[in-house]
Amino acid sequence: MDEKSLMDKLDRLNRRMRRYFDRFFPEPTLTGIQALTLHYIIVESENRDVYLKDIEEFLEIKGSSVNNLINNLERNGYLRRENASHDGRYKKLTLTEQTRSMQADITDRVMSYMKGMFVGIPKQDLLVFDSVISQMLKNAK
């Protein structure tokens, strides 16, 4: 199999995964990427404060795009920006009660998506896939 064919399949998989994930969050005020961001904050905020920079690194997108994403989540009442206790220039992201009440549902949907993506794939194949994806991530730096 040639590289072009593999890259075409990878591109198609990426687009299809996004559409599949979005189906888990059909609400008009919460898109798939917003839900993924909230899930990240839910998980990470159990152990530490989460900042805009963390979202940039997690999603691998630029600050302006993260700012737009966070603005929308804030506008829809899912989170707040608060001054960090150590430095007022930094804004930590804090989940609202609205999001806290949805936390289990968001987590369940994200986990269902993840499990659904790997149905029918033998563990040995997943180990090979992990190795290939890891090498591709190194190559793409």
Side-chain angles (χ1 to χ4, degrees), residues 1-87 89-141:
M1 191 166 285
D2 64 62
E3 288 88 354
K4 182 183 180 333
S5 175
L6 287 172
M7 290 306 293
D8 288 346
K9 284 182 181 180
L10 185 61
D11 287 341
R12 257 190 10 251
L13 174 62
N14 187 32
R15 287 188 299 277
R16 195 173 291 181
M17 285 174 62
R18 285 184 191 162
R19 286 192 304 272
Y20 178 60
F21 186 73
D22 285 342
R23 287 191 302 229
F24 284 83
F25 296 94
E27 299 85 356
T29 60
L30 188 62
T31 65
I33 193 70
Q34 290 171 337
L36 183 63
T37 301
L38 289 175
H39 182 258
Y40 174 82
I41 296 169
I42 288 166
V43 171
E44 292 298 315
S45 65
E46 290 179 7
N47 301 310
R48 64 181 181 86
D49 290 339
V50 178
Y51 300 93
L52 289 172
K53 189 71 174 166
D54 297 317
I55 305 300
E56 284 180 46
E57 291 172 4
F58 171 66
L59 296 175
E60 295 188 4
I61 58 176
K62 295 185 186 224
S64 59
S65 297
V66 169
N67 207 33
N68 288 335
L69 173 63
I70 298 304
N71 284 343
N72 286 331
L73 287 169
E74 197 170 25
R75 188 177 320 112
N76 290 321
Y78 292 109
L79 57 79
R80 296 184 307 276
R81 294 178 219 219
E82 297 178 352
N83 289 336
S85 58
H86 68 281
D87 188 338
R89 294 174 295 178
Y90 292 96
K91 303 291 184 198
K92 74 177 184 175
L93 303 174
T94 305
L95 300 171
T96 62
E97 284 306 312
Q98 173 185 340
T99 304
R100 290 277 178 210
S101 70
M102 301 168 53
Q103 183 171 331
D105 183 49
I106 290 170
T107 299
D108 288 347
R109 292 186 204 194
V110 170
M111 297 312 291
S112 292
Y113 159 76
M114 288 182 192
K115 286 179 183 172
M117 287 303 302
F118 296 106
V119 168
I121 303 173
K123 187 171 183 100
Q124 187 61 35
D125 290 349
L126 290 174
L127 292 171
V128 171
F129 180 68
D130 180 54
S131 175
V132 170
I133 289 292
S134 295
Q135 185 60 50
M136 289 178 79
L137 285 168
K138 286 179 189 174
N139 294 347
K141 281 192 173 187

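Basis for what follows: all heavy atoms, side chains included, without hydrogens, waters or symmetry-related copies.
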Mark yes when over 12 heavy atoms from residues, nucleotides or ligands other than E3 sit less than 6.0 Å from its CD; otherwise mark no. no

Using a 3.5 Å distance criterion without hydrogens, assess whether the side chain of S45 forms a donor-acceptor pair with backbone atoms of I41. yes

Enter the distance from F25:CZ to T31:OG1 here, rounded to the nearest 0.5 Å. 9.5 Å

Look only at the side chain of N76 and the backbone of N72, and say whether a donor-acceptor pair between them is shorter than 3.5 Å. yes

Got more than 12 heavy atoms from elsewhere within 6.0 Å of CD, Q124? no

Is the OH atom of Y20 crowded by more than 12 outside heavy atoms at less than 6.0 Å? yes

V119 and K115, any side-chain heavy atoms less than 4.5 Å apart: no

Sidechain N-carboxylate O distance under 4.0 Å for E56, K53: yes

Quick one: CE on M102 to OH on Y78, what's the gap to the nearest 0.5 Å? 4.5 Å

Counting heavy atoms not belonging to R16, are there more than 12 under 6.0 Å from its CZ? no

Please determine whether side-chain contact (heavy atoms from CB on, under 4.5 Å) holds for the pair D54 and R48, giving the CA-CA distance in whole Å, both sets of side-chain angles, and the decisive distance to 0.1 Å. CA-CA 11 Å; D54 297 317; R48 64 181 181 86; 3.0 Å; yes

Could K92 and E44 be called an ion pair, given the rule that one side-chain N must be under 4.0 Å from one carboxylate O? no

Are any of the side-chain heavy atoms of L36 and F21 separated by less than 4.5 Å? yes

Without placing hydrogens or testing angles, list every side-chain donor-acceptor pair under 3.5 Å for residues 60-67, not counting sequence neighbours.
{"residue": "N67", "atom": "OD1", "partner": "R81", "partner atom": "NH1", "Å": "2.9"}

With a 4.0 Å cut-off, would you call D22 and R18 a salt bridge? no

Any side-chain heavy-atom pair from L93 and L73 closer than 4.5 angstrom? no

Taking every heavy atom of Q34 against every heavy atom of L69, the minimum-distance pair comes out as CG-CD1, 3.5 Å

State whether the side chain of S101 and the backbone N or O of Q98 hold a donor-acceptor pair below 3.5 Å, judged by distance alone. yes

Can you list the residues that meet the salt bridge (charged side-chain N to carboxylate O under 4.0 Å, His left out) rule with E57, with sequence neighbours excluded? none

Please round to the nearest 0.5 Å and tell me the distance separating atom OG1 of T94 and atom CZ of R80. 5.5 Å

When rounded to the nearest 0.5 angstrom, what distance separates CZ in R12 from CE in M7? 13.0 Å

When you compare the side chain of L13 with that of M117, does any pair of heavy atoms fall below 4.5 Å? yes

Over 60° means perpendicular and under 30° means parallel, so tell me whether F58 and Y40 are parallel, tilted or perpendicular. parallel

For K4, enumerate each residue passing the side chain to side chain donor-acceptor pair (under 3.5 Å) test, keeping only those at least two apart in sequence or located in another chain. D8

Here the gap from T99 atom OG1 to H39 atom NE2, rounded to the nearest 0.5 Å, amounts to 13.0 Å

Quick check for you: to the nearest 0.5 Å, what is the distance between I121 atom CD1 and F118 atom CZ? 6.5 Å

Which heavy atom of M17 sits nearest a heavy atom of Y113, and at what distance? CE-OH, 3.2 Å

